[in-house]
2 protein chains.
Amino acid sequence: MTIEQRMRASLPSLTRAERQAATHILSHFPMSALGSITMLASAAEVSAPTVVRLVQKLGFKGYADYQAALRAEVGRLLAAPSALPGQAPRLHPMQAFAAQAIANIQMTLDQIAAPEFDAAAALLADPGRHVAIMGGRLTHAHAGYMATLLRVIRPGVTCVSDHPTGWQQALLDLRTGDVVVIFDIRRYEANAIHMAELAARQGARIVLVTDHGLSPAAGYAHHILPCRITMPAAWDSTVTILMLVEALLGRVQGHCADQVQDRLNRLEDVFAKTRIFRTPTPER
Amino acid sequence: MTIEQRMRASLPSLTRAERQAATHILSHFPMSALGSITMLASAAEVSAPTVVRLVQKLGFKGYADYQAALRAEVGRLLAAPSALPGQAPRLHPMQAFAAQAIANIQMTLDQIAAPEFDAAAALLADPGRHVAIMGGRLTHAHAGYMATLLRVIRPGVTCVSDHPTGWQQALLDLRTGDVVVIFDIRRYEANAIHMAELAARQGARIVLVTDHGLSPAAGYAHHILPCRITMPAAWDSTVTILMLVEALLGRVQGHCADQVQDRLNRLEDVFAKTRIFRTPTPER
DNA sequence: AATGAAATGAAAAATTCTTGACAGAACGCA
DNA sequence: TGCGTTCTGTCAAGAATTTTTCATTTCATT
């Protein structure tokens with residue numbers, strides 16, 4: 001068990017100040033512990049003795065002992081960053097899953113043409129076009145996520161409800177040149193196909209995020225972004241879809257970086273006023 | 001220019017003992033600088049003053065100054081492994097994004113303890129416990145996705161609304177032994193912390209999915225699953241969070257595979273009847 | 001070989017760091 | 001409210017570390 005995990009595990013059994021110190025250490029791992037206890041303590045806004053008591057609770061003799069152990073661990077980590085050769089004979093299911101997810105991401109990259117990706121990003125970055133985003137049963141969450149973040153970048157973003165009438169109503173507001181992003185993966189849904197067809201008739205540009213099998217809506221789409229989603233499990237994995245969404249958003253942001261900063265600042269302001277987020281001062 | 005490069009560059013202009021020290025440092029980079037100058041000097045078989053003179057030639061004020069700079073550099077290196085110098089020959093932004101996402105997934109794996117993961121999955125698989133899932137502004141979509149899929153596996157799953165009163169109402173139904181899954185990543189939200197605290201008081205088991213910075217809610221959580229989310233961009237990436245969610249779901253399904261099949265069949269039936277999905281016949 | 005400049009390490013001095021003791025503060029409980 | 005427990009920061013002593021000083025060695029040059 002690594003020191004980091006040990007500290008994480010004992011987090012609940014610590015006192016307030018100790019937990020404050022531990023949280024700081026963990027969130028700046030392992031940087032924080034490589035310096036002197038004085039620096040660490042002041043950075044975490046606790047006293048040095050508190051840090052000593054913390055590491056003693058973790059089973060170390062003192063700060064020096066703790067630091068020596070940590071140094072050894074960091075050294076090991078840097079020497080072999082995650083890819084230890086010749087082992088991993090019995091993979092944990094979590095690791096097997098991650099390996100497949102990584103493979104999917106890489107295959108997705110090979111599959112998607114860069115011009116297609118860029119074109120889709122350019123469409124989304126055009127402030128003159130409204131953007132409507134629609135997902136299916138499994139991809140509704142992705143649509144919502146994309147809408148939330150895209151709204152930070154630019155105005156005029158709608159997340160089409162998955163209520164039976166939601167997408168039909170969205171068609172009402174659709175004008176020529178608007179962008180409709182449709183997520184539709186295996187177990188392709190009739191909604192998506194109809195939406196694509198009708199939106200295309202109204203002159204909208206259709207961006208379709210689908211799986212390798214290609215949604216039937218592909219026939220109406222102007223830009224198709226296929227993702228690898230197959231897993232050696234009962235379900236598919238939508239990790240690649242989320243990655244694609246975030247990559248798109250990053251590209252869109254690149255297109256309109258100047259506006260974004262202003263919008264971000266205003267957003268911060270709103271959040272500060274509504275006190276949704278905790279204040280800079282740590283909990284108490 | 002990194003410290004390592006600087007040292008390598010100035011190698012020829014050093015004296016014998018200094019070069020001996022520098023060679024030792026470079027061949028054990030960056031471990032060497034984590035310890036005291038005394039240890040380093042004896043390991044390199046030179047005197048401590050020689051090391052001081054070496055780092056002063058490199059432009060540092062003294063050993064302490066040098067060590068602080070090196071720590072900062074190592075910290076940067078560990079935070080963004082894909083930012084390793086000397087590679088990346090003009091990748092497409094999409095590829096750069098994917099590379100970082102993959103790195104994040106791998107680092108997340110190293111960070112999460114398998115027992116922690118398994119324990120969380122076991123909790124979620126226990127049909128005797130209700131499960132409430134709650135996300136923040138950015139992670140609400142993930143919470144919804146998890147709830148959607150978890151409901152396929154087992155009954156008794158609630159997705160807590162992010163309306164101001166939603167999570168408070170969810171507390172009403174909470175019984176001892178129930179499971180509360182909380183997503184809370186950077187820009188930690190007060191909601192999550194309060195929910196964790198109150199739910200813990202009511203005897204619920206708290207599973208916290210957070211970032212490496214550790215949500216303040218960690219103090220109340222019984223199982224902490226930290227994900228790497230940092231990206232070399234304006235935003236963080238929640239890809240690893242989704243991967244973790246899906247990996248968890250896969251594990252949960254493994255625990256109750258028999259029940260799932262039955263539920264899946266009934267689900268298919270329901271969908272067929274409501275005609276949400278298109279029929280097996282291709283489109284048109 | 002002799003000389004002087006540069007380099008090196010030993011030891012002392014100065015600084016910084018760690019940790020134990022103590023007292024005030026916070027908290028739970030009756 | 002009052003009491004006892006636990007927690008936490010301040011302080012100071014002791015330990016360790018860094019840095020300066022200085023004597024010795026090495027090496028090139030005359």
Side-chain angles (χ1 to χ4, degrees), chain A residues 3 7 10-25 28 30-72 281-284, chain B residues 3 7 10-25 28 30-72 193-194 197-198 200-203 216 218-220:
Chain A
I3 295 173
M7 187 173 289
S10 61
L11 216 49
S13 67
L14 298 176
T15 67
R16 179 194 58 79
E18 285 167 359
R19 189 156 53 227
Q20 192 174 321
T23 304
H24 177 92
I25 291 174
H28 297 79
M31 267 273 294
S32 47
L34 269 41
S36 75
I37 195 174
T38 315
M39 280 195 258
L40 172 56
S42 71
E45 294 178 340
V46 297
S47 69
T50 298
V51 178
V52 173
R53 287 186 282 257
L54 165 64
V55 299
Q56 282 174 344
K57 275 192 183 173
L58 259 60
F60 297 100
K61 196 161 172 296
Y63 188 76
D65 184 32
Y66 158 75
Q67 205 175 35
L70 191 63
R71 262 199 298 270
T281 330
E283 76 279 16
R284 189 138 314 200
Chain B
I3 294 173
M7 187 173 290
S10 61
L11 216 50
S13 67
L14 299 176
T15 67
R16 180 193 56 77
E18 284 168 359
R19 191 157 47 232
Q20 190 175 324
T23 305
H24 177 90
I25 291 174
H28 294 80
M31 262 284 286
S32 42
L34 303 180
S36 72
I37 194 175
T38 317
M39 280 194 254
L40 172 56
S42 72
E45 295 180 337
V46 297
S47 68
T50 299
V51 178
V52 174
R53 285 186 285 260
L54 165 62
V55 299
Q56 281 174 343
K57 276 191 184 173
L58 258 61
F60 298 101
K61 198 162 171 294
Y63 187 75
D65 184 33
Y66 159 76
Q67 205 175 36
L70 193 61
R71 260 199 300 270
I193 304 159
H194 291 150
E197 181 178 358
L198 295 175
R201 286 223 187 123
Q202 292 194 27
Y220 307 107

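A, B, ... follow the sequence lines: proteins, then strands. Residue 1 opens every chain. A quick note: this is a predicted structure, and the numbers were derived from the prediction, not measured.
At a threshold of 4.0 angstrom between heavy atoms, the contacts of B/Ala64 are confined to the sugar-phosphate backbone, with no base atom among them. As judged by a 4.0 angstrom heavy-atom cut-off over every strand, B/Gln20 is placed among residues making no nucleic acid contact. As judged by a 4.0 angstrom heavy-atom cut-off over every strand, B/Arg16 is placed among residues touching the sugar-phosphate backbone only.
A straight line from CD of B/Glu18 to P of D/dT26 spans 18 Å, rounded to a whole angstrom. The CD1-P distance, from A/Ile37 to D/dA15, rounds to 17 Å in whole Å. Atoms CZ (A/Arg53) and P (D/dT10) sit 12 Å apart, rounded to a whole Å. Between B/Leu54 atom CG and D/dT18 atom C1' there is a gap of 15 Å when expressed in whole angstrom units. A straight line from OH of B/Tyr63 to P of D/dT17 spans 11 Å, rounded to a whole angstrom. Atom-to-atom, CZ of B/Phe60 to P of D/dT19 comes out at 13 Å; the value is rounded to the nearest Å.
The structure places OG1 of B/Thr23 at 8.5 Å from CG of B/Leu14, a figure rounded to the nearest 0.5 Å. Taken from OG in B/Ser42 to CD1 in B/Ile37, the straight-line distance is 11.0 Å, to the nearest 0.5 Å. For the atom pair CD (B/Gln67) and CZ (B/Arg71), the distance works out to 5.0 Å, reported to the nearest 0.5 Å.
Nearest-nucleotide assignment on DNA chain C puts the 5′-proximal partner with B/Ser47, out of B/Ser47 and A/Met39.
The listed nucleotides are D/dT18, D/dT8, D/dT20; the one nearest the side chain of B/Ser36 is D/dT18. With distances taken from any side-chain atom of B/Thr38 to the nucleotides D/dT8, D/dC11, D/dT18, the minimum falls on D/dT18.
Open room surrounds NE2 on B/His194; 12 or fewer heavy atoms of other groups in view lie less than 6.0 Å from it.
Under the Watson-Crick and G-U wobble criteria, each requiring two contacts below 3.5 Å, nucleotide D/dG9 is paired to C/dC22.
Chain B approaches DNA chain C over the interval C/dA7 to C/dA10, counting the first and last nucleotide 5' to 3' with an atom under 4.0 Å from its heavy atoms.
The side-chain heavy atoms of B/Leu54 and B/Tyr66, taken from C-beta on, include no pair separated by under 4.5 Å. Between B/Tyr220 and B/Leu198 there is no side-chain heavy-atom pair separated by less than 4.5 Å. Side-chain contact between A/His24 and A/Leu40 is present, with heavy atoms from C-beta onward closer than 4.5 Å.
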